[in-house]
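Below is one structure, written out as structure tokens; comments come after it.
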Number of protein chains: 2
Amino acid sequence: MASDHTRSAILAAAERLYADRGFGDVTLRDIVAEANVNLAAVNYHFGSKDELIAELFVTRSLATNRERLNELKAAEEAGGGRASIEAIMHALVGPTLRGCLGPDREGSTAARFMIRASIESVPPIRRIKNREVDHLRKFVAAMRRSLPGRDDAELYWGLHFALAMSHHTIREKERLTKLSEGQCDLNDVNAIVERVVTVSVMALTGGEPAKKAPARSMAPPYGRLTRQDL
Amino acid sequence: MASDHTRSAILAAAERLYADRGFGDVTLRDIVAEANVNLAAVNYHFGSKDELIAELFVTRSLATNRERLNELKAAEEAGGGRASIEAIMHALVGPTLRGCLGPDREGSTAARFMIRASIESVPPIRRIKNREVDHLRKFVAAMRRSLPGRDDAELYWGLHFALAMSHHTIREKERLTKLSEGQCDLNDVNAIVERVVTVSVMALTGGEPAKKAPARSMAPPYGRLTRQDL
DNA sequence: TTGCATTTCAAACGCGTGTATGAAACTATC
DNA sequence: GATAGTTTCATACACGCGTTTGAAATGCAA
């Protein structure tokens, strides 16, 4: 057991370097140099480079998931077991967006690391992401409670688009700034969250203010929908 | 000059392998084995591995961009210089979605390659993508003509979200299928295009059927907007 | 056929990587 | 303070990679 000093120094240095320069060109030697520890320490404490990356990513995404679920649970309790669809989407995209776009929170290293993880998609991280389905299903369940009668496929598409907008905003933050020549304010995180939530809710409810709308409303003007369940 | 046989065999083999297995674990040796040419041929004909990848990507994305602009031009001419916002978004996301999700088009190798390029984000490709700004600006210009008086930032956000949804759908195709347990039909490309267009238009017009709406309508319920231009 | 330029080829180079080794330095328990 | 277990360290290994080399083969004009 002992001090753990080396172990956490490696974790901190690795996260910092990965956040700054991406997974592609950060070697174990870079990491141990930054952490002032011996090269062999990585394999001693983590087993392999991939396991080090996995541990970093698991830690951070567990934290985000916990935050999301807390927000969801709070919203459902406040609504007597049924949260508004706005609140649900807010809980879904808020923590991630705040974490990755927000101002320095613990030096924002964690945030920048998660951005990299979302951009570069290295094998150990991809493996973990594929097990995130269960977590998302909890949101689908909440959405089902909030919008009863709505087709399940519609719920999945709404969730999918919400994640699309928030992840893409994180990934392409720089590009959007450049494209819009600074006209899109990427610093006001709350405004961005509201923007994403608003569009997501519109996608799910078809533009109406989202008060228990009758049923499927996002049906495209033409072109068939899913035909699974006729 | 000569036969070009070797050159094109390399291009074809590389695209096929990258499409199937990703950039991460395809080596030059894999490629030349698949193409039945000598290892040194790659450097002789392309200069380096990165330039080979770049040539592949440039070729394919030029084709997509051309397709997009053709669709846009056709829509603008049909509307007397002003296309409907639906048509513009359609031209923006249609070609990419059809190319990457559609059924076999020339063996769909090109499509799968572009999916990889959008997922893995390898340096030479990233460099090229960063020069795509000019191309997107043409769409912003068309949007400005279609929705005059609308805040520029709103147009950028709308374009951004449209790209978000189409790219994310391509990237996470498998995950969405798994999450929804097949309830989201990822095979009906036209329906997906309509879905993305519909939501994009709602994001831009605020849910109204998009007939030259007065002005900014996607303003979030609370939270400030951009403050650049006061 | 000769001569020159282009293209192919087998082989090797050089480098950087993640990982393994085995001894040395600690730390804690008795 | 001896001993067993844990952690650090310098060093080396083995391998795969993109790239280079220089000679052989090929194509083509005169």
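Every chain is numbered from 1, with letters handed out A, B, ... down the list of sequences.
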Sugar-phosphate or base contact per nucleotide [nucleotides 15-26 of chain D; S, B, -; heavy atom under 4.0 Å]: --BBBBB-----
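Scanning for salt bridge (Lys or Arg N to Asp or Glu O under 4.0 Å) contacts around A:R68 gives an empty result, with sequence neighbours left out. Partners of A:R126 under the salt bridge (Lys or Arg N to Asp or Glu O under 4.0 Å) rule, at least two apart in sequence or in another chain, do not exist in this structure. The ring-ring contact (aromatic ring centres under 6.0 Å, His included) search around A:F57 returns none, not counting sequence neighbours. Taking the salt bridge (Lys or Arg N to Asp or Glu O under 4.0 Å) definition, one finds that A:E120 meets it with A:R116, sequence neighbours left out.
Between B:D25 atom CG and C:dT17 atom P the separation is 19 Å, expressed in whole Å. The CZ atom of A:R7 sits 11 Å away from the P atom of D:dT8 (whole-angstrom rounding). Look at CG on A:D4: it is 14 Å from P on C:dT27, rounded to the nearest Å. Computed from coordinates, the A:F23 CZ to C:dG18 P distance equals 13 Å when rounded to whole Å.
A side-chain donor from one of B:S48 and B:E51 sits under 3.5 Å from a side-chain acceptor of the other.
Under the ring-ring contact (aromatic ring centres under 6.0 Å, His included) criterion, the residue pairs touching residues 23-51 of chain B are B:Y18-B:F23, B:F23-B:F113, with sequence neighbours excluded.
Listed pair A:H5 / D:dT8 fails the phosphate criterion, with no side-chain N or O lying under 4.0 Å from OP1 or OP2. In terms of phosphate contacts, B:H45 brings a side-chain nitrogen or oxygen within less than 4.0 Å of OP1 or OP2 of C:dT8. For C:dT8, the OP1/OP2 oxygens have a side-chain nitrogen or oxygen of B:T6 closer than 4.0 Å.
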